[in-house]
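Note sheet for the following structure.
What you see is a predicted model, and the numbers here were worked out from it, not measured in a lab.
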Amino acid sequence: MTAHQTIESKAPAAAETSRAMTGAEIVVRGLVDQGVEVLFGYPGGAVLPIYDALFHEPRLQHILVRHEQGATHAAEGYARSSGKPGVVLVTSGPGATNAITGIMDALMDSIPMVVITGQVPTHLIGTDAFQEADTVGMTRSCTKHNYLVKDVRDLPQIIHEAFKIATTGRPGPVLIDIPKDVQFAKGEYYGPHEVQSTHAYAPRIKGDAARIAEAVKLISSARRPIFYTGGGVINAGPKASASLREFQALTGAPVTSTLMGLGAFPAADPAWLGMLGMHGTFEANNAMHDCDVMICVGARFDDRVTGRLDAFSPGSKKIHIDIDASSINKNVRVDLPIVGDAASVLEDLIAAWKTANLQPNKAALSDWWAQIDQWRARQCLNYRASDTVIKPQYAIQRLYELTKDKDVYITTEVGQHQMWAAQFFRFEEPNRWMTSGGLGTMGYGLPAALGVQLAHPDSLVVDIAGEASIQMCIQELSTAIQFDLPVKIFILNNEWMGMVRQWQQLLHGERYSHSYSDSLPDFVKLAEAYGAHGIRCDDPAELDGKILEMINCDKPVIFDCRVEKNENCLPMIPSGKAHNEMIMGEVEDIGNVIGEDGAGLV
Amino acid sequence: MTANVQPAPASAYDLSPSGQAEQTATFALLVDNEPGVLHRVVGLFAARGYNIESLTVAETDRNAHTSRITVVTRGTRHVLDQIEAQLNKVVNVRRVHDVTRDPNGVERELALVKVRGSGVDRVEALRIAEIFRAKPVDTTLESFVFEISGAPSKIDKFLDLMRPLGLVELSRTGVLSIERGVEGM
Ligand SMILES: Cc1ncc(C[n+]2csc(CCOP(=O)(O)OP(=O)(O)O)c2C)c(N)n1
Ligand SMILES: [Mg+2]
C-alpha cells in the first residue's frame with residue numbers, strides 16, 4: 001500500500017472539511033495551518049507554481065534572500081531565537097545545492113527547519129533535465145528526514161509530518177522535494193489533525209523514573225558536582241532553562257555550558273563558570289576534569305568540549321540526559337544515561353529531589369567552591385589592555401556593556417571573533433545567542449541575524465563578525481535593506497583569518513599560508529553601496545561613542561572595528577590535550593606549546 | 001609554558017578503539033517499504049565508517065508497508081551499540097533487533113556454488129555435498145552447481161572443503177534471520 005492510500009482509508013471523515021486544490025496550494029495552505037508566518041526563499045523554474053500560490057496568500061511573509069545559503073541560515077536564526085521552525089523554499093538544482101550548507105548546519109546544531117525544494121517534473125527525473133539534481137539523494141545524509149513527493153495525494157500528509165519530525169525529538173532539518181507536475185496536480189487537502197503518520201517515529205520525552213531517582217541520589221551525595229549543559233536545554237524550550245536554574249539552586253552545583261548552550265543558565269549567577277572546552281574558561285575546564293559527579297544535560301561530548309578523550313574527567317560518575325539515544329555512550333562512556341527531553345527530565349529531577357527530601361553535601365560543596373575560586377583567581381580571560389589599539393576582547397566587552405540593558409540578540413560568524421564573543425558577551429536568557437557550533441560555518445551570522453530580526457522586529461540584533469567570514473554571505477545586506485531589517489554587523493577586523501593564523505602560529509611553524517585577508521573592501525563604502533550605514537573605528541577612545549552611533553542608527557550598519565591584528569584567542573586546550581592542560585593568556589613562546597601529534601588533529 | 005601541565009591519568013571512560021575486541025553482529029531491521037530506505041541505511045554505514053559484511057533486503061508485508069533488512073556488520077561492542085542507536089534514529093526504521101545477542105536468534109544463508117572437476121575430485125565433491133545436504137541444481141560432465149543453505153559458518157566450512165576440489169564460482173544471499181518462538185518482530 002502506498003502512503004496516499006493510507007490517507008484515503010484513514011481519513012474519510014475529513015472529506016467535508018477538506019477541498020480540492022493544486023499541489024502548490026496544498027503546500028501554501030499546509031504552511032499556514034502549521035502556523036508558519038515567515039519563509040525564506042528564492043524562486044526558480046521548478047517552484048514557480050508555489051510562488052504563484054504565495055502570490056495569493058497574505059498570511060505568509062516571504063523573505064527574498066540573495067543566495068539560498070542565506071535562506072537556510074536566516075531560517076536557522078529565526079528558529080533558534082523564536083523556538084519555531086524555520087521554513088525555506090528554493091528551486092531545483094542550484095537552488096537545492098546552494099541550500100545544502102545551511103541544511104547541514106541545522107542538522108549539526110539540531111535546528112528545526114523545513115526545506116521545500118522544487119524538482120523537475122516526474123517524467124523528466126533521471127534524464128539529466130535542466131536544473132535537475134538528485135536532491136533527496138544528496139540531502140539524505142544532511143537531513144533528519146527527507147521526501148520526494150511523487151503523488152499529490154501524499155502531499156498533505158508529508159507536509160504535516162515534516163513539521164512534526166523537524167520540531168520534535170532532537171530537532172533537525174526535513175526536506176520535501178516536490179516535482180513541478182505534482183505542484184500543478186489537483187488533490188485533496190487535509191489539515192494537520194486529519195492525517196496520520198505511517199512511520200513509527202515517536203521520540204521518547206519522559207525519562208526513566210528509576211534512573212531519575214538514582215540520579216538525584218548520586219547528585220546529593222556528590223562532593224564535587226558540576227552541570228555540563230548544552231544546546232539541548234535551549235531546544236527543549238524556556239521551561240528547560242527555568243528548571244535548570246531551579247535544580248541548580250537545589251543542588252548548589254556549579255554550571256558550565258557548551259558554545260550552543262550559552263544563555264540557558266544566567267551568566268550573572270555566581271554558580272556560572274563560563275563556557276567549557278577548547279576556548280572555555282580555566283575554571284570550567286578544571287572543574288570538569290576534577291568533578292566527581294557530572295550532570296550532562298543536552299550536550300554531546302563533542303571533541304571541542306572533551307579535549308583528549310582518554311583524559312576526560314577521569315574520576316567522575318557521569319549522568320547524561322539526552323533526547324537522542326545515539327548521543328549517549330558515543331564519545332564518552334557514561335554511568336547513568338537518561339533518554340528524554342531536557343525540560344521533562346529536569347522537572348522530574350526536581351520533583352524526585354524534593355520527594356526524597358534530599359540535601360546537597362554542604363561541607364563538601366564549600367570545599368569545592370573554594371577550589372573553584374582558586375581557579376577563578378587565575379583570571380583566565382585577562383588580556384593585555386592597550387590604549388593605542390583596540391583589543392578584540394575589549395571591543396566585545398564594550399559592545400556588551402553598551403547593549404546589556406537593551407533587548408539584544410547576538411549572532412556570530414566563525415573564527416576568533418566567535419570565541420571572543422562567547423567568552424566576553426554575557427547571556428542571561430536562552431535563545432539570545434545564535435552561532436554555528438557543530439559545522440562552524442563562516443557566513444552564518446549575517447543571514448541568521450536577519451532571521452532573528454524578523455522574529456524580534458523591535459530588538460537589537462548584532463552579528464559579531466570577522467572580516468573574512470562576513471564576505472561569505474555579505475549579499476544578504478541587500479535583503480536587510482529590502483525588508484527593513486536594521487541588523488548591526490560588528491566586524492572585528494584583524495585583517496587575518498585570525499583563527500587560521502592562530503593555528504598556523506601554534507602548529508605550523510608560523511608559516512602563514514594563505515590566511516591573510518588581502519584586498520579587503522572598504523567596509524564603510526560597501527555599507528553605503530548597499531544603502532546601509534558604515535562606521536569605522538580604530539581608536540579605543542572613540543569606541544564607545546561609535547558603538548552608540550551604531551546602536552542608535554535605525555538602518556542596518558556595518559561597523560568596521562579595526563582591532564589588534566595578531567591577538568590570539570586564549571585560553572586554549574590544544575587539540576589532543578586534556579582539560580587541565582590549557583594554554584593560558586600569558587604564554588610567551590606560543591609556537592612551541594603544542595607537539596607534533598597535536599598538528600594532526602582538527 | 002603553562003604552570004599546570006600535569007600528566008593526566010588515563011580515564012576508565014575512554015572509548016577509543018584500542019583494547020576492545022571486534023565481533024560480528026547481525027541486525028534485523030523492520031523498515032518502511034519506501035524508495036530510498038535502503039540508501040538511508042547503507043548511507044549511514046558508509047558515512048560513519050561502519051562495515052557491512054552482508055546485506056539482504058526484501059518486502060515482507062505489502063499491507064503493513066514494510067520490508068526487512070538484515071545486515072551483518074563487525075565492530076567493537078561500543079561501535080555495535082552505536083550502530084544500533086543510529087539505526088533506531090532513522091525515521092523509516094521501525095524496529096532494530098540485534099539477532100546475535102538474542103539467544104533465540106536464528107541465522108540462515110543460502111549459497112549457490114559451482115565446482116568444476118573430474119575423476120576422484122568430482123566424486124568427493126558430491127559426497128561432501130551430501131553430508132552438508134547441499135543439493136545439486138545443475139550438472140554437466142565436469143561440473144556441479146550446488147545449492148546449500150544453513151548457518152553462515154556451515155556454508156563457510158562447505159566452501160573450504162570445495163575449494164581444493166575445484167570451486168569456480170560462488171553466489172551467497174547474505175544472512176537472513178528470525179527469532180524462535182511465537183512472537184513476531
Ligand atoms: C565556510 C568555511 N570555510 C572555512 C572555514 C575555516 N575557518 C575557520 S575560522 C576561519 C577564519 C575566519 O576569519 P575571520 O572571519 O576574519 O575571523 P577571525 O578568526 O579573524 O576572527 C576559517 C577560514 C570555515 N569555518 N567555514
Ligand atoms: Mg579576521
_Positive for side chain to side chain contact (heavy atoms under 4.5 Å, CB included) with A/Tyr201, one of B/Val90, B/Val91, B/Asn92_ = B/Val91

_Validation row: B/His65, A/His199 side chains within 4.5 angstrom (heavy atoms)_ = no

_Quick check: closest heavy atoms across A/Arg140 and B/Gly36, and the distance to 0.1 Å?_
NH2-CA, 3.5 Å

*In Å, rounded to the nearest 0.5 Å, how long is the span from CG of B/Asp81 to CD1 of A/Ile328?*
12.0 Å

_Structural part of B/Gln82 lying under 4.5 Å from a heavy atom of chain A_ = side chain

_Any side-chain donor near an acceptor of the partner, A/Asn329 and B/His78, under 3.5 Å_ = no

_Any heavy-atom pair between the side chains of B/Lys89 and A/Lys144 that's under 4.5 Å?_
no

*So what's closer than 4.5 Å to chain B heavy atoms on A/Leu148: side chain, backbone, both or neither?*
neither

*Report the distance from atom CZ of B/Arg48 to atom OG of A/Ser141, rounding to the nearest 0.5 Å.*
10.0 Å

*Which heavy atom of A/Asn146 sits nearest a heavy atom of B/Arg40, and at what distance?*
OD1-NH2, 2.9 Å

*Which one of B/Ala85, B/Ala64, B/Ala47 has the most heavy-atom pairs closer than 4.5 Å to chain A?*
B/Ala85

_B/Asp32 portion near chain A, given a 4.5 angstrom heavy-atom threshold_ = side chain

*asked:* Take a 6.0 Å sphere around CZ of A/Arg376 and say whether it holds more than 12 heavy atoms from other residues, nucleotides or ligands.
replied: yes

_Could you check whether atom CZ of B/Arg133 has more than 12 heavy atoms from other residues, nucleotides or ligands sitting under 6.0 Å from it?_
no

*Kindly check if the number of other-residue, nucleotide or ligand heavy atoms within 6.0 Å of NZ (B/Lys114) is above 12?*
no

*Considering all heavy atoms of both residues, which atom of B/Pro35 and which atom of A/Lys150 are nearest to each other, and what is their separation?*
CG-NZ, 4.4 Å

